[in-house]
There are 2 protein chains.
Amino acid sequence: MTERSTRQKSAVLEVLREAERPLTPQEIRLRAARKARGVGIATVYRGLRRLVDKGEVLPVELPGAAPRYEVASHGHHHHFLCNECGRVFEVFGCPGGIDQLAPRGFEVSGHEVTLYGRCADCAARPAPRRGRRLKVAS
Amino acid sequence: MTERSTRQKSAVLEVLREAERPLTPQEIRLRAARKARGVGIATVYRGLRRLVDKGEVLPVELPGAAPRYEVASHGHHHHFLCNECGRVFEVFGCPGGIDQLAPRGFEVSGHEVTLYGRCADCAARPAPRRGRRLKVAS
DNA sequence: ATAGATGCAAAGAGTTTGCATAGGT
DNA sequence: ACCTATGCAAACTCTTTGCATCTAT
């Protein structure tokens with residue numbers, strides 16, 4: 001009846017609290033496994049769903065990228081996807097007037113903005129070595 | 001050696017040219033099957049990839065939704081995803097200054113804006129009947 | 001001791017690929 | 001006739017689910 005506290009569940013939330021950027025389920029499993037031995041991927045997904053339902057965690061769904069998760073205490077913000085290393089970063093600030101772009105008669109309830117490019121780390125590396133390229137932005 | 005013209009490939013492009021909104025691969029297959037009998041889903045995916053490579057078609061990748069495809073002649077625009085009927089619409093216009101939101105040191109190469117809410121059709125229906133709800137916007 | 005949580009493996013959904021065959025050129 | 005494109009089914013990836021077992025309460 002009541003929700004139980006387990007080391008796996010605690011580990012998942014702890015990982016997200018300590019994360020410096022939104023993480024994928026696999027990344028979460030890897031980091032959680034270091035805290036509590038044997039955290040299965042199914043448990044990560046179940047834990048994430050419960051945390052999202054409780055509003056403690058938000059899914060970060062980006063165009064053309066696997067969903068990531070972050071704790072829900074960062075206020076309204078958007079995301080930057082690095083085409084070179086695939087990491088996602090938070091972007092604070094939000095251009096005004098976005099919701100007014102909808103055609104007349106449409107009711108806007110929210111919006112998502114995603115920037116693409118190279119993160120500071122990758123941009124600092126002069127020659128982006130030729131190789132497999134990540135998904136390219138529109 | 002040369003690319004051949006087949007009725008399936010023509011049907012896929014024709015469907016997208018006539019589409020009033022971005023379509024999913026399954027929607028494309030359904031519509032193409034009416035034009036040329038027996039268009040397999042694999043052929044749709046292969047045709048789409050070639051069209052995207054040639055730049056004739058653009059993938060429309062939305063947060064938390066399956067990718068859709070549209071012909072690449074509509075200029076820079078964004079999209080609106082109806083939470084009620086699940087259809088995607090084009091939104092013209094683009095708020096300025098979006099690219100300036102990135103943290104210093106980040107190189108922005110593109111951006112994507114997605115609006116969520118109810119489309120004009122669904123908003124016109126007064127009582128959104130209670131039932132399964134589509135993915136909710138952030 | 002009871003009943004919720006976990007882990008594994010199987011099941012699904014969406015997309016890609018291998019291979020024999022159909023069909024442009 | 002040659003060789004690309006197709007269709008089917010198998011393979012893959014990501015996520016969810018069934019079930020026996022573990023474990024917090």
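Chain identifiers are assigned alphabetically (A, B, ...) following the order of the sequence lines, protein sequences preceding nucleic acid strands; residue numbering begins at 1 within each chain.
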Student: Rounding to an integer number of Å, can you tell me how far B:E61 CD sits from C:dG14 P?
Tutor: 16 Å
Student: If I take atom OH in residue B:Y69 and atom P in nucleotide C:dG14, what distance separates them, rounded to the nearest angstrom?
Tutor: 13 Å
Student: Atom NZ of B:K9 to atom C1' of C:dA22: distance rounded to whole Å?
Tutor: 14 Å
Student: Starting from C1' on D:dA5, measure out to CG on B:D53 and report it in whole angstrom.
Tutor: 16 Å
Student: Spell out yes or no: do the side chain of A:R4 and the base of C:dA3 have one donor N/O and one acceptor N/O closer than 3.5 Å?
Tutor: yes
Student: Send over the distance from A:R49 CZ to C:dT6 C1', rounded to a whole Å.
Tutor: 14 Å
Student: Separation of B:Y45 atom OH from D:dT13 atom C1', in whole Å?
Tutor: 13 Å
Student: So, is B:R29 close to the D:dT6 phosphate, meaning a side-chain N or O under 4.0 Å from OP1 or OP2?
Tutor: no
Student: For a quick check of understanding: with a heavy-atom distance under 4.0 Å over all strands, which category does A:R7 fall into, base, sugar-phosphate or nothing?
Tutor: nothing
Student: Counting only N and O atoms by type, is there a donor-acceptor contact under 3.5 Å from the side chain of A:R118 to the main-chain atoms of A:R125?
Tutor: yes
Student: Measure the distance from CG on A:L30 to P on D:dC14 and round it to the nearest whole Å.
Tutor: 13 Å
Student: Can you tell which of A:V15, A:I28, A:T24 makes a side chain to side chain contact (heavy atoms under 4.5 Å, CB included) with A:V44?
Tutor: A:I28
Student: When the nearest nucleotide of DNA chain D is assigned to A:R46 and to A:Q26 on a heavy-atom basis, which residue is associated with the more 5' position?
Tutor: A:Q26
Student: Mind calculating the distance between CD (A:Q8) and P (D:dT23) to the nearest angstrom?
Tutor: 9 Å
Student: Among B:R34, B:K35, B:R31, find the residue that satisfies the salt bridge (charged side-chain N to carboxylate O under 4.0 Å, His left out) test when tested with B:E18.
Tutor: B:K35
Student: Does D:dT6 have OP1 or OP2 sitting under 4.0 Å from an N or O in the side chain of B:T6?
Tutor: yes
Student: Does B:K9 pair with B:E3 as a salt bridge, N-O distance under 4.0 Å?
Tutor: yes
Student: Of the options C:dA9, C:dT15, C:dT6, whose atoms approach the side-chain atoms of A:R50 most closely?
Tutor: C:dT6
Student: Hey, which sits more toward the 5' end of DNA chain C by its nearest nucleotide, B:S5 or B:P25?
Tutor: B:P25
Student: Within the 3.5 Å criterion, strictly below it, is a donor on A:H76 or A:H78 matched to an acceptor on the partner's side chain?
Tutor: yes
